[in-house]
Amino acid sequence: QVQLVESGGGLVQAGGSLRLSCAASGRTFTNYAMGWFRQAPGKEREFVAYISRSGGTTYYADSVKGRFTISRDNAKNTVYLQMNNLKPADTAVYYCAARSRLYGSSRSDEYDYWGQGTQVTVSS
């Protein structure tokens with residue numbers, strides 16, 4: 001079992017920044033690729049970014065490329081999502097997820113564990 005807890009969400013004005021954290025516990029963190037997803041009210045869950053087990057490979061949705069950065073600190077069992085130049089369209093609940101593979105995936109159904117989510121609200 002892997003437990004994931006997100007933090008760092010909040011209210012920010014357009015153009016601002018937030019850094020989300022996802023702390024993992026349970027099984028060995030380095031066995032899992034990690035992903036970030038988000039879900040706005042009435043919308044389907046949307047892929048944001050993933051990072052490989054070692055952190056050497058990252059991949060981003062087109063909507064966040066150049067603005068968001070995913071990273072991980074395996075010594076701290078934590079994955080991060082740095083979000084810059086936030087837009088109102090980024091408003092959503094953000095979830096981290098763990099996948100027992102070397103690489104991540106853009107498909108939510110390919111992840112094994114999920115956190116409870118953290119709310120990000122961007123005002124115009």
Side-chain angles (χ1 to χ4, degrees):
Q1 292 292 121
V2 174
Q3 294 79 46
L4 305 173
V5 179
E6 302 96 334
S7 62
L11 175 64
V12 64
Q13 293 190 355
S17 298
L18 287 172
R19 188 175 78 157
L20 306 183
S21 298
C22 175
S25 62
R27 295 183 179 180
T28 303
F29 182 61
T30 52
N31 287 344
Y32 296 88
M34 301 294 295
W36 284 98
F37 292 77
R38 65 189 183 186
Q39 188 166 20
K43 304 294 184 181
E44 294 183 349
R45 188 164 296 184
E46 177 188 27
F47 168 74
V48 175
Y50 73 65
I51 189 166
S52 61
R53 289 163 62 178
S54 68
T57 300
T58 59
Y59 183 75
Y60 299 89
D62 288 344
S63 59
V64 306
K65 285 180 181 177
R67 299 188 299 119
F68 291 10
T69 303
I70 188 170
S71 62
R72 66 191 295 162
D73 186 340
N74 288 342
K76 297 182 178 179
N77 289 355
T78 302
V79 62
Y80 304 95
L81 186 68
Q82 178 67 46
M83 305 185 295
N84 297 328
N85 192 24
L86 283 161
K87 304 174 181 179
D90 297 318
T91 296
V93 176
Y94 283 71
Y95 300 89
C96 68
R99 182 172 187 254
S100 59
R101 297 290 188 273
L102 176 62
Y103 295 103
S105 172
S106 61
R107 292 178 53 174
S108 61
D109 61 2
E110 294 189 349
Y111 287 81
D112 303 302
Y113 303 100
W114 293 84
Q116 293 296 307
T118 185
Q119 177 71 48
V120 172
T121 302
V122 184
S123 62
S124 60

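- In this structure, Q116 contributes its side chain and V5 its backbone to no donor-acceptor pair below 3.5 Å.
- At distances below 3.5 Å, at least one donor-acceptor pair connects side-chain atoms of R67 with backbone N or O atoms of N85.
- At least one side-chain heavy atom of F68 sits under 4.5 Å from a side-chain heavy atom of L86.
- Taking hydrophobic clusters as Ile, Leu, Val, Met, Phe, Trp and Tyr residues chained together by side-chain heavy-atom distances below 4.5 Å, F47 does not share a cluster with Y80.
- G56 approaches S52 most closely through the heavy-atom pair N-OG, 3.3 Å.
- With a 6.0 Å radius and a threshold of 12 heavy atoms from other residues, nucleotides or ligands, R101 has its CZ atom at or below the threshold.
- Between V120 and M83, some side-chain heavy-atom pair lies under the 4.5 Å cut-off.
- The distance from the CG atom of L18 to the OG1 atom of T118 is 9.0 Å, given to the nearest 0.5 Å.
- Closest of all the heavy-atom pairs between A33 and Y111 is O-CE2, 4.5 Å.
- One distance of note links CG of L11 with CD of Q119; it measures 9.5 Å at 0.5 Å rounding.
- Here OG of S124 is found 9.0 Å from CD of Q13. Values are rounded to the nearest 0.5 Å.
- Here the side chains of Y59 and Y103 are not in contact, with every heavy-atom distance at 4.5 Å or above.
- Cation-pi geometry between R99 and Y50 is not met: the NZ or CZ atom fails to fall both under 6.0 Å from the ring centre and inside 45° of the normal.
- Annotation: K65, atom NZ; neighbour count of heavy atoms from other residues, nucleotides and ligands within 6.0 Å is above 12.
- For the atom pair CG of L81 and SG of C22, the computed distance is 10.5 Å after rounding to the nearest 0.5 Å.
- Checked against F37 for a ring-ring contact (aromatic ring centres under 6.0 Å, His included), the options Y95, W114, Y94 give a single hit: W114.
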Step-by-step side-chain contact (heavy atoms from CB on, under 4.5 Å) determination, L4 to M34: CA-CA 10 Å; L4 305 173; M34 301 294 295; 3.9 Å; yes
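- Distance alone, capped at 3.5 Å, is enough to place a donor-acceptor pair between the E6 side chain and the G117 backbone.
- Taking every heavy atom of both residues into account, N84 and S17 meet most closely at OD1-OG, 2.9 Å.
- Inter-residue side-chain proximity for S63 and R38 is flagged as met; some heavy-atom pair is nearer than 4.5 Å.
- Formation of a donor-acceptor pair under 3.5 Å by the R72 side chain with backbone atoms of T30 is not found in this model.
- Heavy atoms only, all atoms of each residue included: T78 and K76 are closest at OG1-O, 2.8 Å.
- In this structure, the side chain of Y113 does not engage the main chain of S100 through any donor-acceptor pair within 3.5 Å.
- Distance OG1/T57 to CD1/I51: 8.5 Å, rounded to 0.5 Å.
- Between the side chain of D90 and the backbone N or O of A14 there is no donor-acceptor pair closer than 3.5 Å.
- Judged by distance alone, the side chain of Y60 and the main-chain N or O of I70 form a donor-acceptor pair under 3.5 Å.
- Here Q1 contributes atom CD and D112 contributes atom CG; the two are 10.0 Å apart, rounded to the nearest 0.5 Å.
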